[in-house]
Amino acid sequence: MELNSDLMHTASAPAVRVRFCPSPTGTPHVGLIRTALFNWAYARHTGGTFVLRIEDTDPARDSEESVRQLLDALDWLGLDWDEGVGKGGQYGPYRQSERMELYADVAAKLVAGGFAYESYSTPEEVEARHVAGGRDAKTGYDGFDRNLTAEQRAAYRAEGRTPVLRLRMPDEDIEFTDLVRGKVVFPAGSVPDYAIVRASGHPLYTLVNPVDDALMRITHVLRGEDLLSSTPRQIALYRALVELGLAERVPQFGHLPYVMGRGNRKLSKRDPESSLFLLREQGFIPEGLDNYLGLLGWSIGPDRDVFALSEMAERFDIAHVSPNPARFDLDKAKAINAAHIRALDPGDFAERIVPIMHSAGLVSAPTMPALALKERRILTEAAPLIRERTVLLGDVPTQLSFFFTPDDAVPYQDSALASLGGDAAQVLAAAQAVLEAEPADLDAPSLQQVLRAALVDGLGIRPKVAFAPIRVALTGRTVSPPLFESMLILGRPSCQTRLRTLSTHLA
RNA sequence: GCCCCCAUCGUCUAGCGGUCUAGGAUUCCGCCCUUUCACGGCGGCGGCACGGGUUCGAACCCCGUUGGGGGUACCA
């Protein structure tokens with residue numbers, strides 16, 4: 001019997017703690033959400049803890065509205081968190097705006113311990129030194145202020161300068177094993193001493209993010225590839241925090257591939273498919289989006305790509321995440337979404353289409369119980385008919401609108417009218433005669449049978465041609481849900497009026 | 001300039017040295033089913049970036065090249 005390596009791992013290592021730490025700027029982006037999904041999946045797979053922290057250190061760009069949207073998004077997608085904003089926990093507060101004293105305290109300790117220092121050089125001065133030294137102007141900070149004496153610092157202050165705080169990068173290679181990319185090495189000297197606190201005293205992301213991860217005892221940092229090159233800086237900071245007794249250990253890092261848009265660019269806010277809420281408005285369902293996003297950099301198995309969130313939690317393994325960038329393909333996303341819609345049970349599907357039918361102005365209320373009886377009946381009966389024809393919930397109103405139009409005012413599409421052959425009038429008349437003569441309680445197959453007998457056998461018209469005028473009469477279109485089932489939902493009087501109306505229209 | 005990452009059908013991926021004349025999904029195109037459209041079924045087009053190694057054997061390991069991306073801020 002083979003030992004489960006995951007179990008062995010969790011038995012010897014501390015319990016997994018991962019986090020999702022968005023900045024509340026703007027509406028949720030699918031790249032961001034994919035990161036949340038993978039963190040969630042890793043936490044659930046390992047039985048670990050999923051922490052939600054809000055990185056709101058930029059009052060100019062952050063908004064409470066954005067925080068709300070973030071929570072809404074996670075909630076909608078079924079990505080629940082165990083600790084953090086809205087949940088509490090022993091490492092709070094979980095909003096960085098409420099942790100400012102903590103950062104000031106840590107920064108002071110870093111300086112006192114010699115891990116960070118005051119730097120008075122302006123960017124212009126640094127650049128001038130590079131140029132004078134024959135180096136490229138874009139070379140980073142040169143470490144000029146590393147060993148300033150107290151007298152020198154006092155002199156700068158006397159000039160009215162206020163220093164930024166920089167972390168002293170160790171003069172050695174920094175290497176780590178990335179969970180998705182393997183060993184990564186940054187040569188000594190390739191990462192300059194970097195600013196952790198502004199001259200104004202405002203702490204920077206470079207300080208605040210690792211400090212919180214350390215204080216919150218995060219064990220695995222799974223984040224976007226864009227942060228890969230800042231990892232050596234964070235590791236250096238972490239090591240300092242460990243020496244100061246503020247962190248237990250350096251966490252493991254895993255850098256998730258980019259989610260790309262058109263061309264060779266990262267999916268940006270400008271791309272419409274990047275907005276989670278826009279996708280939701282179009283009629284993606286959470287099951288579909290979770291699944292599709294899960295496919296961006298991860299695979300559940302060789303011959304499968306439709307799965308439930310719970311299966312992802314069961315099978316997700318960070319080691320099997322692909323390191324290369326994934327393009328967001330709307331066609332594939334739709335196909336996955338359609339598969340999940342088809343898998344919905346009809347009652348569930350019926351309930352989910354109510355809000356969108358309401359937005360389209362076709363029904364009177366946004367929820368099933370609030371609907372008029374007749375509306376509820378139509379939606380419930382029509383839902384199974386269109387479920388397998390629906391890729392996005394947004395496709396539903398056009399498919400069902402004919403059920404909700406007055407019988408004598410069905411809007412005919414020009415192309416539908418144009419498609420009608422010369423025998424349309426004859427067909428319409430024959431169909432009316434059939435409805436007149438036959439009992440009212442026919443089921444769909446029987447209805448088909450009698451109409452077929454009259455039109456195909458009786459008039460000698462091919463089925464494909466024979467039923468077209470009826471479809472146009474009832475729906476105004478050449479494409480519709482199954483005809484006979486639709487007739488039953490409309491009811492005989494409606495059908496008769498609609499047949500008669502088109503006859504008149506054609507005459 | 002310097003540092004880092006990436007490289008299998010158009011796209012997402014499986015592949016972790018022999019089972020690969022490279023599998024699945026999506027898209028597109030046929031055919032079947034069929035009252036339309038879908039669903040479903042069947043079939044087709046289409047790929048290991050290039051060059052060197054290592055090895056009996058390489059899509060898989062190493063090096064290089066090329067191509068893409070990111071970083072190099074008192075942004076996050």
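None of these values were measured; they are calculated from a predicted model. Note: hydrogens, waters and symmetry copies are ignored here, and every other heavy atom, side chains too, is used. Each chain gets a letter, A, B and so on, in the order its sequence line appears, and its residues count up from 1.
With a 4.5 Å cut-off on side-chain heavy atoms, P384(A) and F349(A) do not count as touching.
Rounded to a whole Å, the CG atom of D193(A) is 12 Å from the P atom of rA73(B). Whole-Å rounding puts the D329(A) CG to rC28(B) P distance at 11 Å. Distance R262(A) CZ to rU27(B) C1': 13 Å, rounded to the nearest Å.
Look at E172(A) and R239(A) and you find a salt bridge, because one of the NZ, NE, NH1 or NH2 atoms lies within 4.0 Å of a carboxylate O, short of that distance.
With the nearest nucleotide of RNA chain B identified for both P187(A) and T57(A), P187(A) has the one nearer the 5' end. Nearest-nucleotide assignment on RNA chain B puts the 5′-proximal partner with P323(A), out of K332(A) and P323(A).
Between the side chain of D171(A) and the backbone N or O of G189(A) there is no donor-acceptor pair closer than 3.5 Å.
With rU26(B), rA76(B), rG1(B) as the choices, the nucleotide that has an atom nearest any side-chain atom of D136(A) turns out to be rG1(B). Comparing rU36(B), rG71(B), rC74(B) by their closest approach to the side chain of R198(A) singles out rC74(B). Nearest to the side-chain atoms of D305(A) among the listed nucleotides rA25(B), rA76(B), rU35(B) stands rA25(B).
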Taking it one step at a time, do W298(A) and F38(A) satisfy ring pair (Phe, Tyr, Trp, His ring centres under 6.0 Å)? CA-CA 9 Å; W298(A) 182 72; F38(A) 281 30; 7.2 Å; no
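With hydrogens and angles ignored, a donor-acceptor pair under 3.5 angstrom links the side chain of R389(A) to the base of rC37(B). You'll find a donor-acceptor pair under 3.5 Å spanning the side chain of R471(A) and the base of rU35(B), going by distance alone.
Judged by the 6.0 Å and 45° rule, R166(A) forms a cation-pi pair with Y141(A).
At the phosphate of rC12(B), neither OP1 nor OP2 sits under 4.0 Å from any side-chain N or O atom of N324(A). Close to rU35(B), at under 4.0 Å from its OP1 or OP2, lies a side-chain N or O of R452(A). Between R166(A) and rC74(B), a side-chain N or O to OP1/OP2 separation shorter than 4.0 Å is present. Between R342(A) and rG40(B) there is a side-chain polar atom (N or O) within less than 4.0 angstrom of OP1 or OP2.
Comparing rG68(B) with rC75(B), their C1' atoms sit 24 Å apart, to the nearest whole Å. On the C1' atoms, rA22(B) is 10 Å away from rA14(B), given to the nearest whole Å. The gap from the P atom of rG41(B) to that of rA25(B) amounts to 9 Å, rounded to the nearest Å. Remark: the separation of the C1' atoms in rA59(B) and rG51(B) is 16 Å, to the nearest Å. Comparing rG23(B) with rG30(B), their C1' atoms are spaced 23 Å from each other, to the whole Å. Taking the P atom of each, rU8(B) and rC3(B) are spaced 25 Å apart, rounded to whole Å. rC63(B) and rG44(B) have their P atoms separated by 40 Å, given to the nearest Å. Separation of the P atoms belonging to rA49(B) and rC12(B) is 14 Å when rounded to the nearest angstrom.
Across all strands shown, rC50(B) is found opposite rG64(B) as a Watson-Crick or G-U wobble partner, with both distances under 3.5 Å. Base pairing analysis places rC2(B) opposite rG71(B); the two distances defining the Watson-Crick or G-U wobble pair are each below 3.5 Å.
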